[in-house]
Amino acid sequence: VPMEEVAGAVSELIAAGKVRWFGMSEAKPEDIRRAHAVQPVAALQSEYSLWSRGIEAEILPTIRELGIGLVPYSPLGRGFLTGTVQPGTLEENDFRANMPRFQADAGANNLRLVEQLKAVAAQKGCTPAQIALAWVLHQGDDLVPIPGTRRVERLEENLAAAQIVLTAEDLNAIEQALPAEQVIGGRY
């Protein structure tokens, strides 16, 4: 279905009072522009974290130019950036077990990066999950990450990340610990 038709249909639903906002997920810059020309897009949902930064070159500039917010999913790298997930230990039915970043050599390399991130977090007096979320939050006021969790204590830990202030030195230390180009393996 052409993007303009989708946006037009949503526009009609908004006019009828059945929908309030128009959001997109994992869209390309050209699709965002095409949809936004028909019906303003309120938010884009895309994977974004310290180890998934593919949106930085084209998508982030596009949505910022158009005034569209970002809802980053998996800001904790599907749990890997928490430092609690070990490659090779995932249950067979866990979908992450088949993801390239969690497997064999890639997993070992990426775990080394997370260990470096843990050291930065320890120096800041927080958990690796908190430093990873704080990094996402420091990427702009137009981002509202949605970390997943099943436990109240993890929710509280995640919420505390919003209180962490990162200095330029902190951001540099995080970048040195987990440079995007050193992450091995595709997202899927």
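- Side-chain N or O atoms of R96 include one that pairs as donor or acceptor with a backbone N or O of R78 at under 3.5 Å.
- Residue E91 places its CD atom among 12 or fewer non-hydrogen atoms of other residues, nucleotides or ligands, all under 6.0 Å distant.
- Nearest heavy-atom pair across E47 and S52 is OE2-OG, 3.1 Å.
- Using a 4.5 Å cut-off between side-chain heavy atoms of Ile, Leu, Val, Met, Phe, Trp and Tyr, with links allowed through other members, L155 and L81 fall into different hydrophobic clusters.
- Annotation: the span from T62 atom OG1 to L44 atom CG amounts to 10.0 Å, rounded to 0.5 Å.
- One finds the CZ atom of R33 at 4.0 Å from the CD atom of E65 (value rounded to the nearest 0.5 Å).
- Under the 4.5 Å side-chain criterion, counting only non-hydrogen atoms from C-beta, E12 is not in contact with V19.
- Note that CE of M24 and CD of Q45 are 12.0 Å apart. Values are rounded to the nearest 0.5 Å.
- In the hydrophobic clustering of ILVMFWY residues, with side-chain heavy atoms under 4.5 Å counting as a link, V41 and L13 come out together.
- Remark: side-chain polar atoms of R34 are not paired, donor with acceptor, to backbone N or O of E4 under 3.5 angstrom.
- A donor-acceptor pair under 3.5 Å is formed between the side chain of Q139 and the backbone N or O of W135.
- Although no hydrogens or angles enter the test, the distance criterion places a donor-acceptor pair under 3.5 Å between the side chain of D170 and the main chain of T167.
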> What's the verdict on side chain to side chain contact (heavy atoms under 4.5 Å, CB included) for V6 and V38, showing C-alpha distance, side-chain angles and the deciding distance?
Replying inline: CA-CA 9 Å; V6 172; V38 175; over 6 Å; no
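- Screening L137, V71, L70 for a side-chain contact (heavy atoms from CB on, under 4.5 Å) with L143, the sole residue that qualifies is L70.
- The CD atom of E157 sits 3.5 Å away from atom OG1 of T127, with the distance rounded to the nearest 0.5 Å.
- Under the 4.5 Å side-chain contact rule for hydrophobic residues, I184 and F102 do not share a cluster.
- In terms of modelled atom types and a separation under 3.5 Å, the side chain of H138 and the main chain of L171 share no donor-acceptor contact.
- N109 is listed as a side-chain neighbour of L113, based on a closest heavy-atom distance under 4.5 Å.
- Residues I14 and W21 form no side-chain contact, since every pair of their non-hydrogen atoms from C-beta on lies 4.5 Å or further apart.
- Tracing side-chain contacts under 4.5 Å through hydrophobic residues (I, L, V, M, F, W, Y), one reaches F95 starting from Y188; they form part of the same cluster.
- When all heavy atoms of T89 and Q86 are compared, the pair lying nearest together is OG1-O, 2.6 Å.
- At a threshold of 4.5 Å between side-chain heavy atoms, the hydrophobic network of Ile, Leu, Val, Met, Phe, Trp and Tyr places L133 and I131 in two separate groups.
- The shortest non-hydrogen separation linking G77 to W51 is CA-NE1, 2.8 Å.
- Here the shortest heavy-atom pairing between H36 and L66 reads NE2-O, 3.6 Å.
- One distance of note links CG of L50 with CG of L76; it measures 9.5 Å at 0.5 Å rounding.
- In E181, the CD atom is crowded: over 12 heavy atoms of neighbouring residues, nucleotides or ligands sit closer than 6.0 Å.
- The closest side-chain heavy-atom distance from M3 to E30 is not below 4.5 Å.
- Scanning both residues, I59 and A27, for their nearest heavy atoms gives CD1-O, 3.6 Å.
- Within 6.0 Å of atom CD in E115, more than 12 heavy atoms from other residues, nucleotides or ligands are found, so the atom counts as buried in its surroundings.
- Nearest heavy atom pair, residue S49 against residue V136, reads CA-CG2, 4.2 Å.
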>> Could you walk me through whether R101 and R187 satisfy the side chain to side chain contact (heavy atoms under 4.5 Å, CB included) test, starting with their C-alpha distance in whole Å, then the side-chain angles of each, then the deciding distance to 0.1 Å, before giving a yes or no?
In response: CA-CA 7 Å; R101 291 185 178 177; R187 291 192 306 145; 3.8 Å; yes
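- Judged by distance alone, the side chain of K18 and the main-chain N or O of V10 form no donor-acceptor pair under 3.5 Å.
- In this structure, the separation between CD on E156 and CZ on R151 is 13.0 Å, given to the nearest 0.5 Å.
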